[in-house]
J.: 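Handing you this structure, nothing more for now.
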Protein chains: 2
Amino acid sequence: MHEPLTVGAAAAQSGWSARMLRYLEEAGLVLPRRTPAGYRLYGLAELNRLRTVRDLRRRFGVELTELAFARRLWRERDLREAVDAWLAAADDATSWVEWEQRKHERLLAA
Amino acid sequence: MHEPLTVGAAAAQSGWSARMLRYLEEAGLVLPRRTPAGYRLYGLAELNRLRTVRDLRRRFGVELTELAFARRLWRERDLREAVDAWLAAADDATSWVEWEQRKHERLLAA
DNA sequence: AGAACCTTATCACGTTCGTGTGAAGGTCAA
DNA sequence: TTGACCTTCACACGAACGTGATAAGGTTCT
């Protein structure tokens, strides 16, 4: 019933193109298993991740590189610590609000 | 002694160009205060952030957009939760190692 | 064997990022 | 007032991203 899908079927079922499934693999975002002959196999887990990535882009406008970076943050402790330190220092809420407001105005002017 | 620096001085002292200091502000990464006439003022905090961003790029190859995304992750809870959910599901250490290895080989072939 | 898949690799193309350069004009100190 | 700063704005340009198309060849099913 839930046989793993080959790339074309997974594409049709997920809304991505086959090309993009390969690209997503190269970017490290969704890693299918392989058949002995090298065919990509997408199981339920992978199909789910495909859907999640799609949602993250649609709902939050997240770029693929940014997701890859989130994965790096998750896996590389010293990187995460360095970024955290920067964030803690950089986030003074005072100047921030005005800046956000100016950004908004810039967007409206387009 | 520690007077806030104007953009050119801050540039000279931090290793960035004045252009990039303005770009970093627009990207929301380092937000200087302003003099009544509109001049940017970089105090110790800002100079520190400039150094930190520089280090993050040098040591980890972090892109500016990625840092901006880290800031988003920090500030938007629902985004952070969605990404976390995806990471938890996506990170099966088994297929990962082989993939990392292939990536390495790809880089060596260049 | 042939059709319909799959593989990797390449070219192409529009968009964004990161950065420099320059124009047109405001600010400030000697 | 003049020179050296600063401001915003815009043009340019290489590199990378995201995506499609296409070629040359392997696999699988009937």
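Bear in mind that the values here come from a model prediction, so they are computed numbers and not experimental data.
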J.: Take atom CG of B:L5 and atom P of D:dC6, then tell me their distance rounded to the nearest Å.
T.: 10 Å
J.: Can you tell me the distance, in whole Å, between the CZ atom of B:R22 and the P atom of D:dA10?
T.: 15 Å
J.: Reckon B:R34 has a side-chain N or O less than 4.0 Å from the OP1 or OP2 of C:dT27?
T.: no
J.: Rounded to the Å, how far apart are B:L24 CG and C:dG20 P?
T.: 11 Å
J.: Hey, are A:R34 and A:E25 close enough for a salt bridge, meaning a charged N less than 4.0 Å from a carboxylate O?
T.: yes
J.: How about B:T6 and B:Y42: do any of their side-chain heavy atoms sit closer than 4.5 Å?
T.: no
J.: Expressed in angstrom and rounded to an integer, what is the separation of A:R40 atom CZ from C:dC6 atom C1'?
T.: 9 Å
J.: Is there a donor N/O on one and an acceptor N/O on the other, under 3.5 Å, for the side chain of A:Y23 and the base of D:dG20?
T.: no
J.: Could you state the CG-C1' distance from A:L64 to C:dC17, rounded to the nearest angstrom?
T.: 15 Å
J.: Measure the distance from CZ on A:R19 to C1' on D:dG18 and round it to the nearest whole Å.
T.: 8 Å
J.: On DNA chain D, does the nearest nucleotide to A:Y39 precede the nearest nucleotide to A:M20 from the 5' side, or the other way round? Give the residue.
T.: A:M20
J.: Starting at atom CD of A:E25, determine the distance to atom C1' of C:dA9, rounded to an integer number of angstrom.
T.: 15 Å
J.: Just to confirm, is there a sub-4.0 Å distance from OP1 or OP2 of C:dG20 to any side-chain nitrogen or oxygen of B:S17?
T.: yes
J.: May I ask you to test the B:W86-A:L29 pair for a side-chain heavy-atom distance under 4.5 Å?
T.: yes
J.: For the pair made of CG in A:L21 and C1' in C:dT8, what is the distance, rounded to whole Å?
T.: 16 Å
J.: Please determine if A:E66 and B:R72 form a salt bridge, counting it only when a charged side-chain N lies under 4.0 Å from a carboxylate O.
T.: no
